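For reference, the structure is listed below as structure tokens.
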2 protein chains.
Amino acid sequence: MPRSPSKTRPITIKDVAQFAGVHASTVSRALNPATRSMVAQDLAASILRAAQELGYQPDHLAASLRTGRSLLVGVLLPDIANPVFAPILSGITERLIEDGYSTIVADAGPGAPSATTLLDGLIAHRVDGLVLATATRDDALVGRCLERNVPVVLVNRAEAQARVSAAVSDDMRGMQLAVDHLVGLGHRRIGHIAGPPTLSTGLLRLRGFEAAIRDQNTPLESFSQSATAYSREAGAEAAGRLLTAAPQITAIVAANDLLALGAYDALRERGLRCPEDISVVGHNDMPLMDLVAPALTSVRIEHRAMGREAAELLVQRMRRADASTRMVMLTPRLVVRGSTAAPRPEQR
Amino acid sequence: MPRSPSKTRPITIKDVAQFAGVHASTVSRALNPATRSMVAQDLAASILRAAQELGYQPDHLAASLRTGRSLLVGVLLPDIANPVFAPILSGITERLIEDGYSTIVADAGPGAPSATTLLDGLIAHRVDGLVLATATRDDALVGRCLERNVPVVLVNRAEAQARVSAAVSDDMRGMQLAVDHLVGLGHRRIGHIAGPPTLSTGLLRLRGFEAAIRDQNTPLESFSQSATAYSREAGAEAAGRLLTAAPQITAIVAANDLLALGAYDALRERGLRCPEDISVVGHNDMPLMDLVAPALTSVRIEHRAMGREAAELLVQRMRRADASTRMVMLTPRLVVRGSTAAPRPEQR
DNA sequence: CTGAAAGCGCTTACAG
DNA sequence: CTGAAAGCGCTTACAG
């Protein structure tokens, strides 16, 4: 490739202009599909060829400074190591790229700077919008974005006040599916490992659990313990508390899969078998949940679709500042596997 | 907060200058820690206060245009849904943020635009550097970066020509650990499910397998089949071929965990038990591999550390264009679990 | 130590 | 339909 550009200075629009014998502004118009029609067809064609020939690559940065749009969207994740966020992120980027946006990912996981610091960093890069997967029910970051006037949507977790649009799973319904399933199998004493009550998923799944218990025709005994975090360790710890407080339970509904896997650990430690002694239901149906032992019955959430929905909401908001605030709630479904079974006769 | 800025126009350096009664250039110097010493101490302090007061947020975009540095690093992933990339990404962002870089993630997974398109997008955002987790042994993208003069390092997978620095696992040694373990258990007929030979991990692990077989004192029979991709499905398919071609094998070493899980599927389908009939070893030791049934014996790679190393190499390269090209090879170790056991006596 | 000016690479009213 | 000019918000030689 003899026409490879000088390796020191990138080709600018001026270089193309000179090469094509026109003014830079004409090059700009010809290169941008939206303004191309302002330029005579054959001129536009020859400018395109010139750009190609010189290996011109546009500089988004400069364009952004002028237009005020960066074509960058920030995504703030609570912990990228949690497998549920990979498909969410994937759905987000997939949708955004259709509108020409690139995604800056910030991970607020262990060892990272504070979420506020990360948010400010994203804003400093002049992101056109933000997707927060980190929202607590009472979230200061949302207010910060609102103050700064940067479009923001939530994904997976919602805040209590619905100030901005969000794409979430129908958490209450998910728990209903789980409880109905267990009651159908004959369980009458059911425990819940709740997620942190500061998170919408934690609170709503707990409420969903309680509502589902109440809604049964059969009288049931129910118990719950909150985990301090959505992690396997916290799940094991909470399961331990639950089993100590209510040893008569025959089933556990966990607020998510990691907590359910923690419950597996706690059961094993106590010499209890799943599902023979205790049935366990998870929530999310993360990848590989069909392969753990026993295969986990779980409430499946379409995380990729959820990510796409969140991105869609954001795109609409970025297009029109007055786009209506909406909550898109995806309906989960139960995937039954080996971790749930009827209680043993003597357990009834 | 009555001093909350007008919601329409963000505060610029000029606003701060006016408020503090100095010139914009002085504000710029005072705000940047590197140039702060050029400004009289008390003046600097009052400028800082003014900026704080007005809620000034710097605009990286504008600074980038001027300085030619975007403080953005692009990371290109082959498939964000593959669990090994989460810790790699986490390690990368963790290290980069220490030097003030934000990370733009592009996912070249199923349904995404071509890697080349994604790369051009990252370059258009004027990233200061790139981490490619997508490298094939003969990678066109590396050449493209080199042409454009953008610093680039590879992670997890290396290219055949070592044109740029890379952080990888010692793939040959990993296979040696796996084969030594199996031979130590008494296996003498061992199969390998290889990864795609276009990837360094696929080729080197195959070579490592063959070398490890040769290096044993005992004469061994070995067999291998290549999977078309690093996925559970491709693993099942290749395991099927392997079991058909060499039904006498008593153990399978897979080039990665997803392939090993695919082998589980294939074994189950054929009514073979693991480890009673066939032992299986994976590679990567992804999250949850201790919980699948049977728990997978696997070659553990410290992915987070690998991500950090890659970021470190990139930072050095971004600081000094003439930084030496290096390959950092992390030493893996074997984690033995329930998927490997001695062959049954009649199998010997 | 501080100010005034130029300029990074674009886009877009404003003329013609 | 095309050109000339201004300006986005910074940083940094250049003066003083």
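Below, chains carry the letters A, B, ... as their sequence lines are ordered, and counting in each starts from 1. None of these values were measured; they are calculated from a predicted model.
- Taking 4.0 Å as the cut-off between side-chain N and carboxylate O, A/E309 and A/R95 do not count as a salt-bridged pair.
- Atom CG of B/L65 is separated from atom P of C/dA6 by 17 Å (rounded to the nearest Å).
- Side-chain to base pairing of A/R66 with D/dG9: no donor and acceptor N or O lie closer than 3.5 Å to each other.
- For the pair B/A24 and A/V39, nearest-nucleotide mapping onto DNA chain D gives the more 5' position to A/V39.
- A salt bridge does not link A/E147 to A/R144: none of the charged side-chain nitrogens sits closer than 4.0 Å to a carboxylate oxygen.
- The CG-C1' distance, from A/D59 to C/dC8, rounds to 9 Å in whole Å.
- At a threshold of 4.5 Å between non-hydrogen side-chain atoms, the residues B/L43 and B/V22 count as touching.
- Side-chain atoms of A/S25 lie closest to D/dA4 of the nucleotides C/dA5, D/dA4, D/dC14.
- One atom, CZ of B/R29, and another, C1' of C/dT2, lie 7 Å apart when rounded to the nearest Å.
- In this structure, A/E159 pairs ionically with A/R163, as a charged nitrogen and a carboxylate oxygen lie closer than 4.0 Å.
- A/S28 comes within 4.0 angstrom of a nucleotide base, judged by non-hydrogen atoms across all strands.
- Nucleotide C/dC10 holds its C1' atom 15 Å from the CD atom of A/Q57, rounded to whole Å.
- You'll find that the side chain of A/M38 is closest to D/dT2, out of D/dT12, C/dC10, D/dT2.
- Among the heavy atoms of the strands lying under 4.0 Å from A/L43 are primed sugar atoms or P, OP1, OP2 only; no base atom is included.
- Atom P of nucleotide D/dC10 and atom NZ of B/K14 are separated by 10 Å, given to the nearest angstrom.
- A/H60 places its NE2 atom 19 Å from the C1' atom of D/dG9, with the value rounded to the nearest Å.
- Within the 4.5 Å cutoff, the side chain of B/L122 has heavy atoms near those of the B/L130 side chain.
- Across the protein-nucleic acid pair, A/R69 atom CZ and C/dC10 atom P stand 17 Å apart, rounded to whole Å.
- Between B/T26 and the phosphate of C/dG3, there is a side-chain N or O to OP1/OP2 separation shorter than 4.0 Å.
- Note: CZ (B/R126) to C1' (C/dG9) measures 9 Å, nearest angstrom.
- Two residues, A/H23 and B/G21, neighbour DNA chain C, and the one matched to the more 5' nucleotide by heavy-atom proximity is B/G21.
- Under the Watson-Crick or G-U wobble criterion, with both distances below 3.5 Å, C/dT2 is paired with D/dA15.
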